[in-house]
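What follows is one structure encoded as structure tokens, with my remarks underneath.
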Amino acid sequence: MKIDYLSEPNEKQALIYHVINLIPFGCVASYGQIAELAGLPGRARLVGKYLGQACASRAISWHRVVRSSGQLAFEKGSEQAKIQTSKLQEENIAVLNHRVSMSEFQWKPSFYE
DNA sequence: CACATGACAATCT
DNA sequence: CAGATTGCCATGT
């Protein structure tokens, strides 16, 4: 597996960004799922932290990351939430009541991805 | 060193 | 389903 972002200050951050960019078009993944795939089980909060640091300055598909419940992480009605909603809808992902259906849209990575 | 703060999550009430 | 509780750990004060 090719790892991007090797210039990041630490490896965890690099892996997290890498995994996020592996989420395919039309799918979403939870913070915990990203952490697990990056080899950091149980550290969903770390994903959120690094994502917040990076989304402003890097090309990361942050809009495909949602809570395990399917709820968007941003406050309902906020600008960020609106932007995320439109980005998801552009990928044919339905966003109803500030949430997406995980059973329909959650990314199920295959082993070799 | 103690304490607070996160774009979170599993579990219990 | 809504809250509250607890676990998590890097960072900043």
Do we see a donor-acceptor contact under 3.5 Å between the side chains of A/Gln33 and A/Gln106?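 Side-chain D/A pair, A/Gln33 to A/Gln106: present.
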
Can we say A/Glu90 and A/Lys87 salt-bridge, meaning some charged N sits less than 4.0 Å from an Asp/Glu carboxylate O?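 Salt bridge between A/Glu90 and A/Lys87, a charged N being under 4.0 Å from a carboxylate O: no.
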
Is the shortest distance from a Lys or Arg side-chain nitrogen in A/Arg43 or A/Glu36 to a carboxylate oxygen in the other one below 4.0 Å?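 Salt bridge absent between A/Arg43 and A/Glu36.
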
How close or far is atom C1' of B/dC8 from atom CD1 of A/Ile16, stated in whole angstroms?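 Those two atoms, CD1 and C1', are 12 Å apart.
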
Could you state the atom-to-atom distance from CD of A/Glu36 to P of B/dC8 in whole Å?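 It is 18 Å, rounded to the nearest whole Å.
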
Reading DNA chain C in the 5' to 3' direction, which nucleotide is the first one with an atom under 4.0 Å from a heavy atom of chain A, and which is the last?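 It runs C/dG7 to C/dT11.
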
If you draw a 6.0 Å radius around CD in A/Gln53, do more than 12 non-hydrogen atoms from other residues or ligands fall strictly inside?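 Yes, because the 6.0 Å sphere around CD of A/Gln53 holds more than 12 heavy atoms from other groups.
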
Just by distance, do the side chain of [X] and the backbone of [Y] share a donor-acceptor pair under 3.5 Å?
X       : Y       : value
A/Asn92 : A/Gly26 : no
A/Thr85 : A/Val95 : no
A/Ser78 : A/Ala81 : yes

Is any side-chain N or O of A/Ser68 closer than 4.0 Å to OP1 or OP2 of B/dA9?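 True: A/Ser68 side-chain N/O within range (under 4.0 Å) of B/dA9 OP1/OP2.
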
Distance below 4.0 Å between A/Ser30 side-chain N/O and B/dC8 OP1 or OP2: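 Result: no.
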
Taking atom C1' in both B/dA7 and C/dT13, what distance in whole Å separates the two?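 Between the two C1' atoms, the distance is 22 Å.
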
Within the 4.5 Å heavy-atom criterion, are A/Ile20 and A/Val65 side-chain neighbours or not?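 They are in contact (side-chain heavy atoms under 4.5 Å apart), so the answer is yes.
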
Between A/Arg99 and A/Pro41, which has a closest nucleotide on DNA chain C that is more 5'?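 Comparing both residues, the 5'-ward one is A/Arg99.
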
Distances for protein N/O vs nucleotides 4-7 of chain B N/O pairs under 3.5 angstrom?
residue, atom, partner, partner atom, Å
B/dG6, N9, A/Arg45, NH2, 3.1
B/dG6, N7, A/Arg45, NH2, 2.7
B/dA7, N3, A/Tyr31, OH, 2.8

